[in-house]
Amino acid sequence: MNIIYLLLTISILVAILFFVAFIVSVKKGQYDDTYTPSVRMLFDDELIDDKLKNGKTTNTDN
């Protein structure tokens with residue numbers, strides 16, 4: 001029965017360690033997407049063309 005308590009304690013400590021590592025990496029900007037915004041401008045024209053083909057206008061002065 002003592003081994004269950006030991007394994008449970010170790011698993012909780014490992015989970016806390018991974019959670020802290022995740023929080024630190026998010027705060028340092030590890031998961032910031034720096035590639036997509038530079039490529040998004042290449043596909044904006046296709047989105048506008050699709051709206052015009054479907055009869056939707058981009059004019060917001062209504």
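The first residue of the sequence shown is numbered 1, and numbering continues consecutively from there. Keep in mind it's a predicted model, so treat the numbers as computed, not measured.
- In this structure, the side chain to side chain contact (heavy atoms under 4.5 Å, CB included) partners of Tyr31, at least two apart in sequence or on a different chain, are Phe22, Ser25, Val26.
- Remark: Leu13 engages Thr9 in a side chain to side chain contact (heavy atoms under 4.5 Å, CB included) (not counting sequence neighbours).
- Under the 4.5 Å side-chain heavy-atom criterion for grouping Ile, Leu, Val, Met, Phe, Trp and Tyr, Phe18 is not connected to Ile16 through any hydrophobic cluster.
- Residues that satisfy the side chain to side chain contact (heavy atoms under 4.5 Å, CB included) test with Tyr5, not counting sequence neighbours, are Met1, Asn2.
- One hydrophobic cluster holds both Ile10 and Ile4 under the rule that ILVMFWY side chains link at heavy-atom gaps under 4.5 Å.
- Under the side chain to side chain contact (heavy atoms under 4.5 Å, CB included) criterion, Leu7 pairs with Ile3, sequence neighbours left out.
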